Amino acid sequence: MKFFIDSADVNEIRQANLKGWVDGVTTNPTLIAKSGRSFKEVIAEICKEVSGPVSAEVLATQSAEMIKEGLDLAKIASNVVIKIPMTEEGLIAVKKLTSEGIKTNVTLVFNPLQALLVAKAGGTMVSPFVGRLDDIGIDGLAMVEEIVHIYRQFDFATEVLVASVRSPLHIEKAALMGADIVTVPYKVMQQMTHHPLTDKGLQMFMEDWKKSGKL
Ligand code: G3P
């Protein structure tokens, strides 16, 4: 399973990368706006830090402009993946960019049928948003399970990138379902590291070592 970090904060990405948590990066307009920096500048800097895929989202809503923007963003670095919203116009852009050899990540996917259309259009990755479905009382992970099942059934090449991850449990369940990729905020990556029994066990070992007089 690949781990992407969902962030546009270069320092955070660097820290996560030191720990082997970064097979790729996803950004979105909200995360870029939070960074307070220029979009292209941030993407270029992230691409220098990380060799895996880095998703950069188009802002256009019409296919012709999305394609133009996508071609332009793809020039920033060879590992840029064009993130495109799940709309009819978006699918036109995905098909065209795919035919030009450019990788895409279709975002804002909320059901298995949308994911099926992404695979048909030749998208490289599909991003089902788990947390935002949970927020409205619909089981986000059940959607992921169905997408993985459908994709395996027909051997689609599109990778399932689980997004809108809010807790370690989302990651554990997505891994059990066989999702290809999970994109995780840094805070949730840190939460995954810790267990109270690990901390307690370490403290006990240190105390016993101290008692032995060897420290
Ligand atoms: O990758 C998409 C993700 O950033 C959305 O997360 O927490 O805003 O639903 P969230």
Side-chain angles (χ1 to χ4, degrees), residues 1-13 15-17 21-37 39 42-43 45-47 49-50 52-61 66 69-70 73 79-87 90-91 93-94 103-112 114-115 117-118 123-145 147-148 158-175 177 179-192:
M1 186 188 217
K2 283 177 269 187
F3 262 44
F4 287 4
I5 182 167
D6 199 27
S7 175
D9 179 331
V10 181
N11 285 328
E12 203 173 74
I13 294 168
Q15 285 307 311
N17 209 6
W21 294 344
V22 184
D23 298 313
V25 180
T26 52
T27 65
N28 63 36
T30 308
L31 293 170
I32 298 278
K34 223 194 273 175
S35 78
R37 301 178 53 203
F39 178 28
V42 175
I43 296 296
E45 208 174 315
I46 296 174
C47 287
E49 287 293 326
V50 175
V54 174
S55 288
E57 189 158 341
V58 297
L59 298 171
T61 52
M66 285 179 180
E69 224 183 300
L73 289 170
N79 54 334
V80 168
V81 171
I82 309 305
K83 201 169 178 189
I84 298 200
M86 174 62 214
T87 58
L91 292 178
V94 168
K103 292 189 172 152
T104 56
N105 168 11
V106 180
T107 188
L108 292 166
V109 163
F110 291 96
N111 72 39
Q114 289 181 314
L117 293 175
V118 173
T124 316
M125 301 165 204
V126 65
S127 289
F129 275 39
V130 170
R132 291 193 197 181
L133 266 192
D134 288 353
D135 288 346
I136 58 162
I138 297 173
D139 186 350
L141 284 166
M143 161 188 61
V144 172
E145 190 165 30
I147 295 171
V148 170
T158 305
E159 290 187 291
V160 180
L161 193 176
V162 179
S164 185
V165 161
R166 306 274 174 77
S167 78
L169 191 64
H170 280 154
I171 300 159
E172 185 176 329
K173 297 283 181 202
M177 287 166 192
D180 304 283
I181 312 163
V182 71
T183 187
V184 189
Y186 187 59
K187 194 182 81 186
V188 179
M189 289 180 171
Q190 288 179 307
Q191 286 169 351
M192 284 174 76

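One-based numbering, in listed order, for ligands and for the atoms of each. FYI, the numbering just counts along the sequence from 1. None of these values were measured; they are calculated from a predicted model.
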Minimum heavy-atom separation for Pro85 and Met66, please, with both atom names.
CG-CE, 3.9 Å
Output the distance between atom CD1 (Ile32) and atom CD1 (Ile46), rounded to the nearest 0.5 Å.
6.0 Å
Examine Asp6 against ligand 1 and note whether any of their N/O atoms are separated by less than 3.5 Å.
yes
Counting distance only, does the side-chain N/O of Glu69 pair as donor-acceptor with the main-chain N or O of Leu59 below 3.5 Å?
yes
Looking at Val144 and Pro128, what are the two nearest heavy atoms and their distance?
CG2-CG, 4.2 Å
What is the closest protein heavy atom to atom 6 (O) of ligand 1, and at what distance does it sit?
Ser164 CA, 3.4 Å
Please could you name the atoms of ligand 1 that Arg132 approaches to less than 4.0 Å, counting only its heavy atoms?
5 (C), 8 (O), 9 (O), 10 (P)
Numbered atoms of ligand 1 (with element) below 4.0 Å of Ala163, judged on heavy atoms:
1 (O), 2 (C)
Within 4.0 Å of some non-hydrogen atom of Asn28, the atoms of ligand 1 are 3 (C), 4 (O)
Which residue and atom name correspond to the protein heavy atom nearest atom 7 (O) of ligand 1, and how close is it?
Arg166 NE, 3.0 Å
Which of Asp135, Asp6, Asp134 passes salt bridge (charged side-chain N to carboxylate O under 4.0 Å, His left out) with Arg166? It is Asp135
Just by modelled atom types, is the Gly131 backbone N or O under 3.5 Å from a matching donor or acceptor in the Ser164 side chain?
yes
Give the numbers and elements of all ligand 1 atoms closer than 4.0 Å to a heavy atom of Phe129.
2 (C), 5 (C)
